[in-house]
Engineer: 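For reference, the structure I am asking about is given below.
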Amino acid sequence: MTELAPVLVGAAPLSPADVVAVVRRNAPVQLDADALARVADTRRVIDGLAADPNPHYGVSTGFGALATTFIAPDRRMQLQASLIRSHAAGTGAEVECEVVRGLQLLRLQTLASGRTGVRPVVVETYAALLNEGITPVVREYGSLGCSGDLAPLAHIALAAMGEGEVRDASGALLPATEALAAAGIEPLTLVEKEGLALINGTDGMLGMLVLALHDLETLLLTADLAAAMSVESQLGTDAVFAADLMALRAQTGQAESAANLRAFLGDSPMVASHKGPDDGRVQDAYSLRCSPQVHGAARDTLAHATLIAGRELASVIDNPVITLDGRIESNGNFHGAPVAAVLDFLAISVADVASVSERRTDRALDPARSHGLPPFLADEVGVDSGLMIAQYAAAGIVSELKRLAVPASVDSIPSSAMQEDHVSMGWAAARKLRRAIDGLGRVLAIEILTGARALDLRAPLQAGPATGAVRDLVRTVADGPGPDRFLSPEMEAVTALVQSGDVARIAKEHAHG
């Protein structure tokens, strides 16, 4: 396997591609030397404030609702450790390794900004944990998205202190103290301000947003391909996707989706077989005819969410923060509202794209609407059920996706003795979006499995280059038309092709023009 180039942290904001490389592909991180110098300079500001008899939040006071409680110098190290231990209060199942690595990387990026007041050793320790593949155990529940993702980030900090549980590079579960010792990493002993700096951030929700954007870019192209297979195999018309018709509506996502459909259908003998003045199918059902409009709306949502993610990646999220002129100031930048809103927005679009996909699948199975295909694409009608229950599975997923589209970000619930009286629920929005994206991939896989069988059943008519290539790819893991067989493994295998990006890649390679 080719070794990935290191991702530089601290010199400039991380890009979405940087995040994906580190958290999914285990690219190493490298700290910028100038960033470490800035970190050291800012730490000297905190050391000066620590000696001040006047209280400074997070340096010589308690936290949250206890912000007015002055803490004597001899109790401050205990204060920082207590903060992390008490806030590492997650519960439920472990979250995925890539999500935890996202937490680690994005907190590291903020620490390396030189605006948080931590010592250089804290930055170096977080980088070492990532590079050694040490992944703290983080639990499903615990974050309200304000002050950022407190509980998940506290689990990361706890591991850096040599406490709690982690997964090592092989995935084995072991105490953090053992994993750090094996990697030659000295556990952190936190001093003034550092505990707060390690837990006040939107890193969990932001990391999941960046991964969602990466996945959805592939899935929306896959949705266009799936729609093309349905239009083609149901003998629909591609005339409605013409560029001049799309130009009448100034929606960029719609135009892009329609261009993909034209590219996937442009050389199709099956489409050409019924083109011309005698073709009466100029009014296909909305699920076929309006695919670019539905997919395009999702693309536009994706573009907006990408804008917000880029802004957040370029941000320094901590409270309090040390300004360029050396002031330590409380702020509300940890509130996850901007990120939470687009996470919810994406969940709505995911549900809509899956919904229209399921409707196209259903049409292919109904002889009253499929233009000559056998009922449920069955081999021996009456004896065989064909793909009947595959459509049930798609319908069940779509129903769940509609529930997951209900916004989390409007469901604020107060905490911390009413100090944190409005929260973003961004972590919850991100968690449900991850499940929704998994569901979308499965629904599209069922449409592609259906479209592949329908294309075969149109023989001797031939599919186009792009749709035919995807049908051939499907045939490497799922047999063609025939008597009923155990269907679930084929559905899982096609889902893997969709989620890996192989379907989108093959379609692009064979697209017209």
Side-chain angles (χ1 to χ4, degrees), residues 3-4 6-10 14 18-19 21-33 35-40 43 77-78 80-85 87-88 90 94-114 116-139 149 151-199 201 203-204 207:
E3 187 173 337
L4 295 172
V7 170
L8 187 64
V9 177
L14 294 172
D18 291 334
V19 175
V22 173
V23 308
R24 274 199 177 150
R25 302 172 64 199
N26 297 320
V29 296
Q30 177 182 327
L31 295 173
D32 177 67
L36 284 174
R38 290 195 304 271
V39 169
R43 180 63 210 181
M77 288 176 63
Q78 180 64 41
Q80 301 299 319
S82 295
L83 174 70
I84 300 304
R85 291 168 183 149
H87 283 52
E94 290 183 47
V95 301
E96 305 82 1
C97 175
E98 66 180 19
V99 173
V100 181
R101 286 180 62 81
L103 278 160
Q104 293 174 280
L105 174 64
L106 295 176
R107 186 65 343 206
L108 172 63
Q109 174 180 242
T110 286
L111 297 176
S113 70
T116 70
V118 301
R119 294 164 296 156
V121 67
V122 177
V123 183
E124 293 164 340
T125 300
Y126 267 56
L129 290 172
L130 275 169
N131 287 338
E132 292 294 331
I134 296 174
T135 306
V137 171
V138 175
R139 302 290 175 182
D149 294 315
L153 285 167
H155 280 268
I156 307 296
L158 191 71
M161 293 164 53
E163 301 180 24
E165 292 183 317
V166 301
R167 298 277 177 182
D168 67 11
S170 72
L173 180 67
L174 68 164
T177 184
E178 293 183 16
L180 267 61
I185 300 172
E186 188 72 22
L188 289 174
T189 299
L190 302 180
V191 297
E192 292 95 342
K193 176 63 174 66
E194 289 180 338
L196 271 182
L198 296 182
I199 65 174
D203 307 299

Engineer: Can you check whether L158 reaches R85 side chain to side chain, under 4.5 Å on heavy atoms?
Structural biologist: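 Yes, at least one pair of side-chain atoms sits under 4.5 Å.
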Engineer: In the structure I gave you, are the side-chain heavy atoms of V39 and V122 within less than 4.5 Å of one another anywhere?
Structural biologist: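 When only atoms from C-beta onward are counted, V122 and V39 do not touch, as no gap falls below 4.5 Å.
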Engineer: Write down the atom of P187, the atom of M161, and the distance for their closest heavy-atom approach.
Structural biologist: CB-O, 3.4 Å
Engineer: Is it the case that the side chain of R139 and the backbone of A151 share a donor-acceptor pair, with hydrogens and angles ignored and the cut-off at 3.5 Å?
Structural biologist: no
Engineer: What heavy-atom pair brings D32 and A35 nearest, and what distance separates the two atoms?
Structural biologist: OD2-N, 3.0 Å
Engineer: So, do R25 and E98 sit near enough that their side-chain heavy atoms are less than 4.5 Å apart?
Structural biologist: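 The answer is no, as the side chains (C-beta and beyond) never meet within the 4.5 Å cut-off.
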Engineer: Could you give me the CA-CA distance, side-chain angles and deciding distance for L129 and L180, then say whether side-chain contact (heavy atoms from CB on, under 4.5 Å) is met?
Structural biologist: CA-CA 8 Å; L129 290 172; L180 267 61; 3.8 Å; yes
Engineer: Output, in order, the C-alpha distance, side-chain angles, deciding distance and verdict of side-chain contact (heavy atoms from CB on, under 4.5 Å) for L190 and L198.
Structural biologist: CA-CA 10 Å; L190 302 180; L198 296 182; 3.9 Å; yes
Engineer: Apply side-chain contact (heavy atoms from CB on, under 4.5 Å) to residues L14 and L106 and explain how you reach the verdict.
Structural biologist: CA-CA 8 Å; L14 294 172; L106 295 176; 4.3 Å; yes
Engineer: Hey, what do you get for CD (E94) to OG1 (T135), rounding to the nearest 0.5 Å?
Structural biologist: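 Rounded to the nearest 0.5 Å, the CD-OG1 separation comes to 10.0 Å.
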Engineer: To the nearest 0.5 angstrom, please state how far the CD1 atom of I199 sits from the CG atom of L103.
Structural biologist: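 Separation between the atoms: 12.5 Å.
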Engineer: Which value, rounded to the nearest 0.5 Å, describes the distance between T189 atom OG1 and Q80 atom CD?
Structural biologist: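 Rounded to the nearest 0.5 Å, the OG1-CD separation comes out at 11.5 Å.
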Engineer: Looking only at heavy atoms, which two atoms of A128 and I185 are closest? And how far apart?
Structural biologist: CB-CD1, 3.8 Å
Engineer: Quick one, V100 with Q104, criterion side-chain contact (heavy atoms from CB on, under 4.5 Å). Give me CA distance, side-chain angles, the key distance, then yes/no.
Structural biologist: CA-CA 6 Å; V100 181; Q104 293 174 280; 4.1 Å; yes
Engineer: So, taking the atom named OG1 in T125 and the one named CD in E186, what distance separates them when rounded to the nearest 0.5 Å?
Structural biologist: 8.5 Å
Engineer: Can you tell me how far the CG atom of L111 sits from the CD atom of E194, to the nearest 0.5 Å?
Structural biologist: 9.0 Å
Engineer: Looking at P28 and N131, what are the two nearest heavy atoms and their distance?
Structural biologist: CA-OD1, 3.2 Å
Engineer: If only atom types and distance count, is the side chain of R107 paired as donor or acceptor with the main-chain N or O of A197 below 3.5 Å?
Structural biologist: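 Such a contact is found between R107 side chain and A197 backbone.
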Engineer: Report yes or no: does H155 contribute a side-chain atom to a donor-acceptor pair with the main-chain N or O of G90 at less than 3.5 Å?
Structural biologist: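 A pair under 3.5 Å: yes.
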Engineer: E124 versus L36: any side-chain heavy-atom pair under 4.5 Å?
Structural biologist: yes
Engineer: Counting N and O atoms only, with roles assigned by atom type, does the side chain of R43 sit under 3.5 Å from a partner on the main chain of G117, one being a donor and the other an acceptor?
Structural biologist: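 Yes: the side chain of R43 pairs with the backbone of G117.
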Engineer: What residues, two or more places apart in sequence or in another chain, satisfy side-chain contact (heavy atoms from CB on, under 4.5 Å) together with V22?
Structural biologist: V7, A27, V29, R101, L105, L130
Engineer: Counting N and O atoms only, with roles assigned by atom type, does the side chain of D149 sit under 3.5 Å from a partner on the main chain of L153, one being a donor and the other an acceptor?
Structural biologist: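 Checking the backbone N and O of L153 against the side chain of D149, no donor-acceptor pair under 3.5 Å is found.
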Engineer: Nearest heavy-atom pair of Y126 and A157: which atoms, and what distance?
Structural biologist: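 Y126 and A157 have their closest heavy atoms at OH-CA, 3.3 Å.
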Engineer: Do you know the tightest heavy-atom contact between E163 and A176?
Structural biologist: O-CB, 3.3 Å
Engineer: Can you measure from CD (E165) to CD (E178) and round to the nearest 0.5 angstrom?
Structural biologist: 10.5 Å
